[in-house]
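Note: hydrogens, waters and symmetry copies are ignored here, and every other heavy atom, side chains too, is used. The chain is numbered in sequence order, starting from 1. Computed from a prediction, not measured in an experiment: that's the story for all the values here.
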Amino acid sequence: MPANQINPKNPSSFCPSPWGRTGGALYLHRMAEQNQYTEDSIRSLDWREHIRLRPGMYIGKLGDGSSVDDGIYVLLKEVIDNCIDEYTMGYGKRVEVTIDKGTVSVRDYGRGIPLGKVVDVVSKINTGAKYDSKAFQKSVGLNGVGTKAVNALSTYFKVTAFRDGKVKVAEFERGVLTKEHKEAATTEANGTLVNFIPDDSVFKHYHFIHDYIENQVWNYCFLNAGLQINLNGKNYVSKNGLLDLLQRKTNPESCRYPIIHLKGEDIEVALTHTGDYGEDIYSFVNGQHTTQGGTHQAAFREAFVKVIRDFYKKDYDAADVRQSICAAVSVRVQEPVFESQTKTKLGSLTVSEGGQSMKAFVLEFLAKELDNFLHKNPTTADALKKRIEQSERERKELSGIRKLANERAKKANLHNKKLRDCRIHLNDDVPNKGKEEFQQKQLESTIFITEGDSASGSITKSRSVESQAVFSLRGKPLNCYGLTKKVVYENEEFNLLQHALNIEEGMDGLRYNNIVIATDADVDGMHIRLLIMTFFLQFFPDLVKNGHVYILETPLFRVRNKQKTIYCYTDEERRKAIAELGNKPEITRFKGLGEISPEEFAQFIGEDMRKEPVLLGQEAQIQKLLEYYMGKNTPQRQLDIIAGLRVEKDLAEEVGAVVEE
């Protein structure tokens with residue numbers, strides 16, 4: 001038996017040193033002495049220590065800001081949520097948000113925190129006004145944790161309350177009160193101002209992405225018609241709620257019929273069908289965007305199918321009814337139950353304590369309002385029916401090749417050399433013990449899509465087997481622009497990839513939260529990157545729309561001398577590194593991922609991994625986008641490429657010794 005293993009029949013066989021079994025027994029005895037469970041082992045943490053020690057329990061994943069669900073956006077959300085609650089109660093129609101690099105400022109014009117409780121509200125856990133259902137009956141934040149977490153996880157946190165001509169200010173550092181100002185007179189309007197700087201020792205190398213924040217702000221506006229939010233000097237406001245949301249998310253040319261907009265007490269729905277594959281459903285509870293869905297979204301999906309079947313009196317397949325749907329559903333629930341502190345998935349089975357079930361509530365609304373709408377609008381009803389029947393024909397056309405391809409995939413999955421899987425997946429059942437930590441690891445689940453054995457070899461050797469998987473492509477994938485979904489099943493690599501991701505039946509079973517395209521930083525690598533992105537945008541656009549797809553950034557250069565090594569991702573970083581090290585340091589240009597040793601690669605896919613999200617702009621139309629970049633080489637595209645050509649003089653090479661790898 002190897003010296004570093006334990007024989008279960010003889011624990012003393014553990015030999016961490018050359019002293020043999022006697023030494024192993026002595027080692028275990030000393031370990032037992034060190035791990036004694038006594039009164040001295042019990043330790044009580046205050047609220048600040050607990051949040052900083054277990055931040056994932058309060059804000060989910062940490063991250064650097066490259067993912068939409070990273071912690072810095074949760075901090076911002078927790079502060080704005082309080083402003084929204086004030087607006088919902090009828091106080092303050094304007095919120096001002098300013099983000100300057102890493103500093104955040106949020107000002108509302110509500111009632112303002114009661115001056116005698118300013119410090120307590122942001123620094124004492126379970127302190128707030130939302131425990132009485134009458135005061136904040138259908139609020140977002142109910143547990144009195146939000147702003148305390150922001151306070152504890154910020155290097156600087158300042159809260160200012162304006163109330164009835166008086167002002168009160170308190171300042172904190174990492175949750176510790178550093179200065180409490182006396183009450184003073186003010187001419188400022190009532191409300192609350194919060195300034196904070198996220199702690200860069202917790203959120204390493206963090207940066208805010210404007211697109212994520214703008215989308216967050218728009219969602220607040222869509223769900224609170226009439227509310228005005230000013231973000232860095234630009235005003236955002238919505239008059240028509242979820243109708244505006246769907247108009248922003250869809251292209252009028254691709255909609256098969258005008259958007260259906262339905263409103264009722266504590267529920268609002270907007271929906272249409274497009275020409276894209278998949279389901280695109282945005283769900284909200286009490287103004288909170290539930291990115292992982294929950295009971296309300298499941299109730300909508302089920303109720304929509306039932307109402308459609310009843311209206312047309314046909315037993316359509318549920319997948320055909322929901323194929324290509326783009327919808328938004330918002331509900332108001334009394335004291336909602338979420339499956340985590342970050343409130344991304346609703347767990348409430350009823351709309352209020354002892355009240356109607358979520359399923360019955362949504363079904364009752366759609367059965368009345370959607371049925372009435374379709375009867376009153378026969379043109380829309382006819383267009384909806386045609387879209388469903390088109391999906392039905394496409395599904396039946398695929399059934400033969402799909403069955404054959406799935407049989408091949410099952411055989412290949414038994415010995416799938418393309419996939420090096422990990423232990424924890426996004427769709428795994430969550431255990432009761434260690435629930436919060438497991439959910440955080442699920443959010444970290446990642447699959448790297450690479451090309452070639454050398455690149456996948458380096459990543460495989462340096463990855464975390466717990467949460468990082470690797471899928472290796474063989475050469476350049478097929479350009480699937482303009483092709484039907486039939487190619488997903490006919491092409492072996494595409495078929496194996498969709499099975500690895502588990503997205504054949506939709507996004508609900510997605511196995512990895514982060515899909516990271518990892519290719520060489522050269523012309524071929526860029527081409528492969530585009531081909532993979534084309535595959536996702538053509539057949540699984542929800543992956544991109546929901547923020548799951550990224551590009552891995554690896555260093556272009558290594559600049560070093562005998563004392564220090566600096567990895568550089570840009571020319572600017574390289575010039576700074578050369579200036580810092582001086583005296584002609586060695587400069588290595590990395591041409592391919594396979595040229596980076598596994599030991600070095602581990603640094604680039606660990607805690608400090610840099611990944612660039614694949615984002616779709618507001619005006620982006622997927623088919624037009626793909627036609628321009630991946631279609632025929634038109635004269636217009638050639639002219640645009642020529643106009644965009646740039647020549648840069650490499651000044652850095654003049655002061656360093658460059659080594660090509």
Those residues at least two apart in sequence (or on a different chain) that pass side chain to side chain donor-acceptor pair (under 3.5 Å) with Tyr481 are none
* To do: Would you mind reporting whether Ile281 and Gln297 have side-chain heavy atoms less than 4.5 Å apart?
  => yes
Contacts satisfying ring pair (Phe, Tyr, Trp, His ring centres under 6.0 Å) that involve residues 354-399 (not counting sequence neighbours) are Phe311-His375
Residue set satisfying side chain to side chain donor-acceptor pair (under 3.5 Å) with Gln468, at least two apart, ordered chain then number -> none
The complete set of ring pair (Phe, Tyr, Trp, His ring centres under 6.0 Å) pairs with one or both residues in residues 234-268, sequence neighbours excluded, reads Trp218-Tyr236, Tyr257-His273
Quick note, ring pair (Phe, Tyr, Trp, His ring centres under 6.0 Å) partners involving residues 385-404, not counting sequence neighbours, are none
Sorted by chain and residue number, the ring pair (Phe, Tyr, Trp, His ring centres under 6.0 Å) partners of Tyr282 (sequence neighbours excluded) come out as none
| said: Do the side chains of Lys386 and Asp382 get close enough for a salt bridge, i.e. N-O under 4.0 angstrom? | reply: yes
Sorted by chain and number, sequence neighbours left out, side chain to side chain donor-acceptor pair (under 3.5 Å) with Asn427 holds for none
Could you pull out all donor-acceptor pairs under 3.5 Å where a side-chain atom in residues 350-358 meets a protein atom, sequence neighbours excluded?
residue	atom	partner	partner atom	Å
Thr350	OG1	Ser352	O	3.0
Gln356	NE2	Glu364	OE1	3.2
Ser357	OG	Ala360	N	3.1

Taken in chain and number order and not counting sequence neighbours, the residues that satisfy salt bridge (charged side-chain N to carboxylate O under 4.0 Å, His left out) with Asp428 are none
With sequence neighbours left out, the residues meeting ring pair (Phe, Tyr, Trp, His ring centres under 6.0 Å) with Phe284 are His289
ask   = When you look at OH of Tyr628, are more than 12 heavy atoms from neighbouring residues, nucleotides or ligands closer to it than 6.0 Å?
value = yes
Those residues at least two apart in sequence (or on a different chain) that pass ring pair (Phe, Tyr, Trp, His ring centres under 6.0 Å) with Tyr277 are Phe539
Query raised in the report: Is there side-chain contact between Val68 and Thr291, with heavy atoms separated by less than 4.5 Å?
Result: no
Residue set satisfying side chain to side chain donor-acceptor pair (under 3.5 Å) with Tyr73, at least two apart, ordered chain then number -> none
